[in-house]
Protein chains: 2
Amino acid sequence: MPSSNRHVEPRRKPRQVRAELTRDRILTAAAHVFSEHGYAAGTTNRIAEQARVSIGSLYQYFPNKDAILAELLVRHVDRGRWDQGDRLDLSPGTLEQVVRALVRDAVDNHRDDPQLLRIMVEEGQFSDELRETITRHGAQRVAQVRELLARHPDVHVRDLDTAADLIVFTVELNTHRLAASPQTGSIETFENELVDMVTRYLRG
Amino acid sequence: MPSSNRHVEPRRKPRQVRAELTRDRILTAAAHVFSEHGYAAGTTNRIAEQARVSIGSLYQYFPNKDAILAELLVRHVDRGRWDQGDRLDLSPGTLEQVVRALVRDAVDNHRDDPQLLRIMVEEGQFSDELRETITRHGAQRVAQVRELLARHPDVHVRDLDTAADLIVFTVELNTHRLAASPQTGSIETFENELVDMVTRYLRG
DNA sequence: GCAAAACCTGAGCAAAAGCTCATAATAGTG
DNA sequence: CACTATTATGAGCTTTTGCTCAGGTTTTGC
């Protein structure tokens, strides 16, 4: 392929509704194709085909393939920010209730397309700026959970930082897996056990 | 690229030592290149270059790119099988000791090249047969852990199957992460917390 | 209704990557 | 040493794929 990343800025800015629609069709198709075939095998032609749009149209709205993935990631992060603090901030109740809220939050955040998220995080070649955003986003969440734990009287662990890190990651990954693979056991059972594990850990 | 997977059988069978050596050089180089650049960007030419071997030689021992990854995976699985039961079978001691052994085992199993393992599992396009092998291998391990838990008097969980599944996966994934990313905190601290989490969970 | 702007199309170009094959070099054998 | 089997080489063929551009269609503004 020709050297990627030649253009960096977006192309045309949609001015008509149908253009906005086309853009959305492309993004939806891209999400579908990427999560189905992976980033490398998700060709731009395949995306255009899936979107029922000509390849030319695709390149009117996105300077290159990377930009499409980047846009998908930005959208995901934005949506995450939207309902971020809601459930967690000042969430009261027993430790178990807090943990359960945490798990539910993670599940909700991955409901749309877990495969895609995985690909975005693991296969995408992003700019340093975007990578920075991702990292900061993760760190922010860990910090948020840390504060939550610090405030709860029932939490007894040696090191709050490590604990927050550990449980955020554990919940995240198990959620990934739960959503991604056709699970053998029931979802509720798994959620209960996960909540139990984290809760008992935090209780000391 | 030309349609992959045209040949399925291996090519030449090495009859001289130097051939065996070349084959090994290729595999070693492939492991290096794949874990460095990912599967898609790990080109066969790059592998050959890294192995200081001509591209022609590479294709004398491997029918196509996929076969190289497949061979790497087979080798990994075989090596895993080798020291599988050793530490775990009939491992005595407190629950915490058992769990710690479990964690150490996972760490050891990923020590060689965690990046590569990730790529093999997540980016590789394997035959159904090979996928079957991977799945069976995982299920076997879960079953093994399940038995271990069943035997220990201090284990109190609602559902042994789910518990075994949960902790195998959790330990696995956290190990992945620990090994793959330049960790912020110390390794020991993280291991201790992970062990604590699992132990407290199992204790009920 | 009409011109301009916005939008869409898809054949095809150029680079990249998988892979082949004719030929050369090396190792084994008597 | 001579002869054969095995192994190694790398220029280059072929396919794939990211992406362009010349030209057509639709929408908007007047």
Considering only NZ, NE, NH1 and NH2 on the basic side and carboxylate oxygens on the acidic side, decide whether B/R141 and B/D165 come within less than 4.0 Å. no

Could you run down the sub-3.5 Å N/O contacts of the protein with nucleotides 9-12 of chain C?
unit_1 : atom_1 : unit_2 : atom_2 : d
C/dT9  : OP2    : A/S54  : N      : 3.0
C/dT9  : OP2    : A/S57  : OG     : 3.3
C/dG10 : N7     : A/G56  : N      : 3.4
C/dG10 : O6     : A/G56  : N      : 3.4

Check the distance between C/dA17's C1' and B/Y59's OH and give it to me in whole angstrom. 8 Å

Does any N or O in the side chain of A/N174 come within less than 3.5 Å of the main-chain N or O of A/T170, such that one atom is a donor and the other an acceptor? yes

Within this structure, what is the CD1-to-P distance between A/I26 and D/dC19, rounded to whole angstrom? 14 Å

What is the distance, to the nearest angstrom, from the OH atom on A/Y39 to the C1' atom on D/dG18? 10 Å

Give the rounded distance in Å between these two atoms: CG of B/L21 and C1' of C/dT26. 14 Å

From NZ of B/K65 across to P of D/dT14 the rounded distance in Å is 22 Å

Separation of D/dT6 atom P from B/Q16 atom CD, nearest Å, is 8 Å

I'd like to know if B/D196 pairs up with B/R203 as an ion pair, taking the criterion as any Lys NZ or Arg NE/NH1/NH2 lying under 4.0 Å from an Asp or Glu carboxylate oxygen. no

Considering heavy-atom distances to DNA chain C, does B/A41 or B/V17 have its closest nucleotide positioned more toward the 5' end? B/A41

Roughly, in whole Å, what's the span from CZ in B/R18 to P in C/dA25? 13 Å

Going by the side-chain contact (heavy atoms from CB on, under 4.5 Å) test, name the single residue among B/V33, B/T28, B/I26 that passes it with B/Q50. B/V33

Look at B/T44 and C/dA17 and indicate whether a side-chain polar atom (N or O) is within less than 4.0 Å of OP1 or OP2. no

Contact nearer the 5' end of DNA chain C, comparing A/A19 with B/R46: A/A19

Could you tell me whether A/K65 sits above the aromatic face of A/Y39, with NZ or CZ closer than 6.0 angstrom to the six-membered ring centre and within 45 degrees of the axis? yes

Please give, in whole Å, the distance from D/dT9 P to B/E49 CD? 13 Å

Pick from B/V99, B/V98, B/V155, B/V157: which one makes a side-chain contact (heavy atoms from CB on, under 4.5 Å) with B/L149? B/V155

Of the options A/E191, A/E188, A/E193, which is the one that meets A/R100 in a salt bridge (charged side-chain N to carboxylate O under 4.0 Å, His left out)? A/E191

Side chain of A/N64, heavy atoms from C-beta onward: which of D/dC19, C/dC8, C/dC19 has the nearest atom to it? D/dC19

